[in-house]
Amino acid sequence: MGPLRKTGAFAAALTAAFAAAYGVGSAVAPVDGGRAQETAHASMADDDGHAAQEPTAAHAPAGLQVTENGYTLDLETTSLPAGARTTLRFVVRDAEGAPVTAYRTEHGKQLHLIVASRELTAYRHLHPTRAADGTWSTPVELPEAGGYRVFADFTPAAAKEGLTLGSDLAVTGRYAAHALPAPATTTTVDGYTVRLDGALTPGRESDLTFTVSRAGRPVTTLQPYLGAHGHLVALRSGDLAYLHVHPHEEAKGTTPSGPEVTFTATTPTPGTYRLFLDFKVADKVHTAAFTTTTTGQGH
C-alpha cells in the first residue's frame with residue numbers, strides 16, 4: 001500500500017501524543033498504534049510566540065516532507081511498541097512508485113536513518129540494510145511511547161543532490177509527556193563531558209565547536225566516525241525541521257583525534273533547536289544532546 005492511502009486512518013490515534021509533544025498538557029495516557037497525517041508546514045511560531053514564515057516548498061528545510069523531487073519515503077512499519085527490540089522497514093520510491101535500488105555513498109553509508117521523538121528527548125542514528133527489492137530494514141528499540149519522526153538522509157544514484165525525507169511513526173504504550181531540556185552549554189554522556197562553544201544565527205552559517213573531556217582531562221583519542229571525528233544532527237523544536245550540518249575538513253596529512261570537533265550549520269529561522277553529536281571512543285559511539293536557541297537576527 002502506498003503512503004497516501006495509509007495516511008489518514010491513523011491520525012486520531014496520535015492526537016494525545018502529538019498534543020503533549022507540543023507542550024499541551026502533562027497527563028499520562030496510553031498511545032495506540034497508527035500513522036499520523038503528513039501536514040504542511042506553511043508557518044510556525046518560535047518560543048516567543050512570533051510567527052516565522054517558511055520558505056516555499058522548493059526551499060523548505062529538510063525533513064518536513066514525505067515526498068520531494070519525485071522521491072517518496074514509504075514507511076512499511078507505521079507503529080512499534082515502546083521498550084521492545086523490533087524491526088523498522090521502509091522503501092524509498094521514485095516518481096513512478098518503483099523502489100529505488102541504487103544510491104550514492106555519503107559519509108560512508110548509502111542511507112542514514114534518524115529516529116527522534118517529537119519531544120526531542122529520544123534519538124537514534126541507524127544504518128539500515130537494503131534488500132535486493134529495495135526494502136530497507138533495521139532493528140530498533142525506542143524507549144518511550146509517543147509520536148516520533150523518521151528521517152531518511154540519502155542521495156539516489158540518479159539524482160544530483162541529496163534528500164532528507166521525513167515521515168511519522170507511532171510508538172505504542174503508556175505515554176507520559178516530557179519537557180524539552182533547558183538550553184545548556186555542557187552535557188554528560190557515558191562518563192564523558194562535552195562542551196558546546198558557538199551559537200546558531202538565523203539565515204547565516206554558524207560554527208559550532210564541541211570539546212570532549214573525561215574526568216577533567218581532554219579526550220584525544222576520538223576515532224573517525226562516518227568520515228569525520230564526529231557527526232552532528234540538528235532538529236528544530238516544534239516541527240522537527242532537519243538541518244544539514246557539515247564537519248570542518250581536516251587538513252591533509254593530519255590526524256586530529258580531539259578533544260575538539262567543529263561543524264558549520266545554517267539555521268533557517270529563529271527558534272529552539274536540539275543538537276545530537278555522535279562521537280566515537282574505544283570503538284563505541286556515544287551521543288551527546290544539547291538544547292540551544294538562536295542568537296541575532298541573521299539576514
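Hydrogens, waters and symmetry mates are skipped; everything else that's a heavy atom, side chains included, is used. It should be emphasised that the depicted structure is a prediction, and the values quoted were computed from it without experimental measurement.
Identified under the salt bridge (Lys or Arg N to Asp or Glu O under 4.0 Å) test for residues 209-219, with sequence neighbours left out: none. Pairs passing the salt bridge (Lys or Arg N to Asp or Glu O under 4.0 Å) check and including a residue from residues 176-196, sequence neighbours excluded, read R195-D197. Counting only residues at least two apart or in different chains, ring-ring contact (aromatic ring centres under 6.0 Å, His included) contacts with residues 187-207 comprise Y192-F279, Y192-H286.
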- request: For side chain to side chain contact (heavy atoms under 4.5 Å, CB included), just list the numbers for L232 and F210, CA-CA rounded to whole Å, side-chain angles, deciding distance to a tenth of an Å, and then say yes or no.
  value: CA-CA 10 Å; L232 181 66; F210 299 87; 3.9 Å; yes

Inset, instruction - Quick one: do R236 and L64 satisfy side chain to side chain contact (heavy atoms under 4.5 Å, CB included)? Show the steps, please. - result: CA-CA 11 Å; R236 184 170 62 188; L64 297 184; 4.2 Å; yes

Exercise. Walk me through it: do H248 and T264 pass the test side-chain hydrogen bond (donor to acceptor under 3.5 Å, both in side chains)?
Key: CA-CA 7 Å; H248 282 200; T264 297; 2.9 Å; yes

Before you tell me yes or no, could you show the steps for L126 and V115 under side chain to side chain contact (heavy atoms under 4.5 Å, CB included), namely the whole-Å CA-CA distance, both residues' side-chain angles and the distance that decides it to 0.1 Å? CA-CA 8 Å; L126 307 169; V115 183; 4.2 Å; yes

Exercise for review: Assess whether ring pair (Phe, Tyr, Trp, His ring centres under 6.0 Å) is satisfied between F154 and W136, documenting all intermediate values.
Suggested key: CA-CA 12 Å; F154 61 94; W136 293 89; 8.5 Å; no

Run the numbers on R104 and Q110 for side chain to side chain contact (heavy atoms under 4.5 Å, CB included), then give the verdict.
CA-CA 6 Å; R104 300 181 189 178; Q110 290 189 352; over 6 Å; no

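A donor-acceptor pair is defined here as one N or O able to donate and one able to accept, closer than 3.5 Å; such a pair exists between the side chain of S206 and the backbone of T201. At least one donor-acceptor pair closer than 3.5 Å links the side chain of T294 to the backbone N or O of G271. Formation of a donor-acceptor pair under 3.5 Å by the R89 side chain with backbone atoms of T135 is not found in this model. Listed for the R274 side chain is no donor-acceptor partner under 3.5 Å among the backbone atoms of S237. Side-chain N or O atoms of S117 include one that pairs as donor or acceptor with a backbone N or O of L120 at under 3.5 Å. The closest donor-acceptor contact from the side chain of T291 to the backbone of P181 lies under 3.5 Å.
Distance check, rounded to the nearest 0.5 Å: CD of E119 to CD of E144 gives 7.5 Å. Here CZ of R204 is found 11.0 Å from OG1 of T266. Values are rounded to the nearest 0.5 Å. Interatomic distance, OG of S167 versus CG of L73, reported as 5.5 Å (0.5 Å rounding). The line from CG of L235 to CZ of R118 is 10.5 Å long, rounded to the nearest 0.5 Å. Note that CD of E106 is 4.0 Å distant from OG1 of T155, once rounded to the nearest 0.5 Å. The OH atom of Y123 lies 10.5 Å from the CG atom of L275; values are rounded to the nearest 0.5 Å.
When side chains are defined from C-beta on, P268 counts as touching L243, because their heavy atoms get closer than 4.5 Å. Looking at heavy atoms from C-beta onward, D168 lies out of side-chain contact with V150 at the 4.5 angstrom threshold. Counting only heavy atoms from C-beta outward, the side chains of S137 and T129 approach each other to under 4.5 Å. In this structure, P128 and L111 have side chains that are in contact, with non-hydrogen atoms separated by less than 4.5 Å. Residues R124 and I114 are not in side-chain contact: their nearest non-hydrogen atoms beyond the backbone lie 4.5 Å or more apart. Contact of the L196 side chain with the L208 side chain is registered, since non-hydrogen atoms from C-beta on lie closer than 4.5 Å. A heavy-atom distance below 4.5 Å is found between the side chains of R93 and P99. Between H229 and Q223, every side-chain heavy-atom pair lies at or beyond the 4.5 Å cut-off.
Here the closest heavy-atom approach between residue V194 and residue A288 is recorded as CG2-CB, 3.9 Å. Residues S79 and T172 come closest through the heavy atom pair CB-CG2, 4.4 Å. Smallest separation of non-hydrogen atoms from D133 and T101: C-CG2, 4.2 Å. The shortest heavy-atom contact between G258 and T220 is O-CG2, 4.0 Å. The minimum heavy-atom distance linking A82 with P143 is given by the pair CB-O, 4.2 Å. Summarising the geometry of G146 relative to Y175, their closest heavy-atom pair is CA-CD1, 3.7 Å, with the distance given to 0.1 Å.
Qualifying ring pair (Phe, Tyr, Trp, His ring centres under 6.0 Å) partners for Y242, counting only residues two or more places apart in sequence or in other chains: F151, H244. Scored by the side-chain hydrogen bond (donor to acceptor under 3.5 Å, both in side chains) test, S213 finds no partners at all (sequence neighbours excluded). When the ring pair (Phe, Tyr, Trp, His ring centres under 6.0 Å) test is applied to H107, no partner is found at least two apart in sequence or on another chain.
Note: the hydrophobic cluster containing L226 does not contain F263 (ILVMFWY, side chain heavy atoms under 4.5 Å, direct or indirect links). V212 and V285 fall into different hydrophobic clusters, where Ile, Leu, Val, Met, Phe, Trp and Tyr side chains are chained together by heavy-atom contacts under 4.5 Å. No continuous path of hydrophobic side-chain contacts links L169 to V91 [ILVMFWY only; heavy atoms under 4.5 Å].
Using cut-offs of 30° and 60° on the angle between ring planes, the pair Y225 and H125 is perpendicular.
Atom CD of E141 sits in a crowded spot, with more than 12 heavy atoms from other residues, nucleotides or ligands closer than 6.0 Å.
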